[in-house]
Structure formats: structure tokens, C-alpha cells
Participant: 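After the C-alpha cells below, expect a handful of questions from me.
So you know, we letter chains A, B, ... as the sequences are listed, proteins then strands, and number each from 1.
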Number of protein chains: 2
Amino acid sequence: MNVCPPNRSPGCPVEGALDVIGGKWKGVVMFHLLHGTKRFNELRRMMPGVTQRMLTRQLRELEADGLVHREVYAEVPPRVEYSLTAKGETLRDIILALKAWGETHVPYYALSKLGVPETETA
Amino acid sequence: MNVCPPNRSPGCPVEGALDVIGGKWKGVVMFHLLHGTKRFNELRRMMPGVTQRMLTRQLRELEADGLVHREVYAEVPPRVEYSLTAKGETLRDIILALKAWGETHVPYYALSKLGVPETETA
DNA sequence: AGCAATAGTATACAAAATGTCACTATATGC
DNA sequence: GCATATAGTGACATTTTGTATACTATTGCT
């Protein structure tokens, strides 16, 4: 059962997929975009801890990988909207599975599941 | 629509999950272990491109996260076997989903699915 | 005696990812 | 005039990740 090509860069399909969503903030960005189009600062506010710089970079990489669409409106206070592409949508189930897994298996979240009134996911 | 805690380290459950399998080789290691217990060098041979050091590190981190079990046999030529823990098994579906996604959406694999017999690339 | 295989560790270093901080431009509100 | 908000960019520092190489110890093979 050979699963990997001899010695290519994205060693495995698994690796290739992780290259795409493995960035520190990419998964979270994708998750938020699952809920619909978001503006830059809107995303930023949803992700405390991310810096402008990092958010920009992660979004650009997601855009380069064809998962996210970037729409710029030439308005007076600049407006840029990010949304999932069709390809990005194909990751929906995986992102949701990762979220579910994190909630039950990452200590911090597993704990908060025990008593904290969880806010909705929609 | 608050999905993230105020400003905690593993920003989101999604992020927490990716922290765990996001390492460069972790996904692949997990994938190989899905097929059963493997010895150190066995894994190494399955993953051309990984160095001894990196494989050791990734395995130790997976062990620390409770996903992988490390069994050392005090034998003459050392033998160490790695296997998934119950917690590691909970990632099975996600790993397989990542693999499937990679196969259809990562250019390199999407191509090889079409019949390109690229078994040699130096 | 010399070599390979086992599963690593130690050291040194290079590169990539991530992070901080300051800065841009324009318009509105005070 | 100054602060705010918008969506960034540029220089730089740090952290993480990765590489190369040599080294450990034991035993079997030749």
C-alpha cells in the first residue's frame, strides 16, 4: 500500500491538504467565512490575537490557493469583502469536523463544554 | 455570533485541532498509523523527505498530545513501535477526509489522478 | 576487525512562519 | 486640527521548523 510518491514536495495528499489550511489562522478564517461574506476588520475583530499583518497574509495565501475570493470596493472608506469560493466550500465539512474535534478533544474547549453556556454557531 | 473566546491561546477549537495535526509531518504520520502499528524506521521509509530528527520530534509531540502510543522493547537491536491511542483514533475520519480532499484539490495529486504515472521525480 | 541496522541524541546552522511596530491615504465627526 | 475608521504595507525581530552531520550502544554478519 504505497500512499506517498517517492520524494515530492507535498509528500502526501494529507500533507498537501494541511499545507493549505495548516497556517496558524487559516482554519479560523475559513471557519468564519463559512458563515458568510466578511470584511477585513470584521474578521479581525472575530479573531482576537491576530494582527493586521498576519490576517492579510493568511487571506492572501488562501486567495492564492483559490479558497477565498477577495472583492475590493473602490469606496471612500475602503471596503474589501472576503468570501469562500466553490473550492473553499469543499472544505466546509472538514472545517466543521475540526471544530467539533477541537471542542471535544482540545483540553481548553473540552473544559468549557462542561459548564459554559456556549454561544451558537450560525 | 461569538465563536472564539476573548483572547485565549488556542484561539478557536478549529485552531486547537490544527495545532495538534498541523505539524509538517503529523498528518502523514497519523495517516500511516491508521493502517496499524509501525516501527520508527518503517515510518521513516514511508515518508521520504523526513529526517530522523523531524520524525522523532513529530512523534514526540503526537505522543505528548496523547494521540500516539510509544512502546519501547528492550531488545538487542532497539525496537520501538508506534500506534494510535483511542484519542488518536478519533481523528481517523478527519485524516481520511484530508487525504480525500488533497487527492482531488491539491494540483499535484489531482493531476496524478488523471493517469499521469509520475513515480519518479528527483 | 570492520560494517550494517536499530532508534535515537547533540550540535550547528538555514529557512520559513509568525509577530511587533510604525506608517500610508481618505473621509467623517468633534 | 485631531482622532477615528477603513485596509492595508514595510522594516525588522523572534519563533518555529527543517537540514546536515556526527555521534551513542549493541549485536549479527562477514
Participant: Between P on C:dT9 and CD on B:Gln58, what's the gap in Å once rounded to a whole number?
Facilitator: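 Spelled out: CD on B:Gln58 to P on C:dT9 is 14 Å.
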Participant: How long is the line joining NZ of B:Lys38 and P of C:dT6, in whole Å?
Facilitator: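 Whole-Å distance recorded here is 15 Å.
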Participant: Rounded to whole Å, how long is the line connecting atom CD of B:Glu61 with atom P of D:dG18?
Facilitator: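 Result: 9 Å.
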Participant: Hydrophobic cluster membership, with links at side-chain heavy-atom distances under 4.5 Å among I/L/V/M/F/W/Y: are B:Met46 and B:Leu96 in one?
Facilitator: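 B:Met46 and B:Leu96: one cluster.
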Participant: Quick one: which residue pairs count as a salt bridge (charged side-chain N to carboxylate O under 4.0 Å, His left out) with a foot in residues 64-75 of chain A, not counting sequence neighbours?
Facilitator: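 Pairs touching residues 64-75 of chain A that pass the test: A:Glu75-A:Arg79.
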Participant: Measure the distance from CG on A:Asp19 to C1' on C:dA17 and round it to the nearest whole Å.
Facilitator: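 Distance check: A:Asp19 CG to C:dA17 C1' gives 13 Å.
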Participant: Under a 4.0 Å threshold between the charged nitrogen and the carboxylate oxygen, would A:Glu61 count as salt-bridged to A:Lys26?
Facilitator: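 A salt bridge links A:Lys26 with A:Glu61.
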Participant: Calculate, to the nearest 0.5 Å, the distance between atoms CG and NZ belonging to B:Leu62 and B:Lys87 respectively.
Facilitator: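 The CG atom of B:Leu62 sits 11.0 Å away from the NZ atom of B:Lys87.
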Participant: Expressed as a whole number of angstroms, how long is the span from B:Lys26:NZ to D:dT16:C1'?
Facilitator: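 The answer, rounded to whole Å, is 11 Å.
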Participant: Could you tell me how far apart B:Leu18 (CG) and C:dA17 (C1') are, to the nearest whole angstrom?
Facilitator: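 Rounded to the whole Å, the gap is 15 Å.
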Participant: Whether A:Lys24 contacts C:dG19 is assessed here as follows: a side-chain N or O lying under 4.0 Å from the phosphate OP1 or OP2. Is that the case?
Facilitator: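 So the side-chain polar atoms of A:Lys24 do come within 4.0 Å of the phosphate oxygens OP1 or OP2 of C:dG19, strictly under.
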Participant: Any heavy-atom pair between the side chains of B:Val68 and B:Leu84 that's under 4.5 Å?
Facilitator: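 Contact flag for B:Leu84/B:Val68 side chains = yes.
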Participant: How close or far is atom P of C:dA16 from atom CE of B:Met54, stated in whole angstroms?
Facilitator: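 Nearest whole value for this atom pair: 14 Å.
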Participant: Is any side-chain heavy atom of A:Phe40 closer than 4.5 Å to a side-chain heavy atom of A:Leu59?
Facilitator: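 Touching, per the 4.5 Å side-chain cut-off.
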Participant: What string of B, S and - do you get for nucleotides 6-11 of chain D 5' to 3' if you count protein non-hydrogen atoms under 4.0 Å?
Facilitator: BBBBBB
Participant: Taking CD from B:Glu71 and P from C:dA7, how many angstroms apart are they, rounded to a whole number?
Facilitator: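 Going from B:Glu71 (CD) to C:dA7 (P), I get 14 Å.
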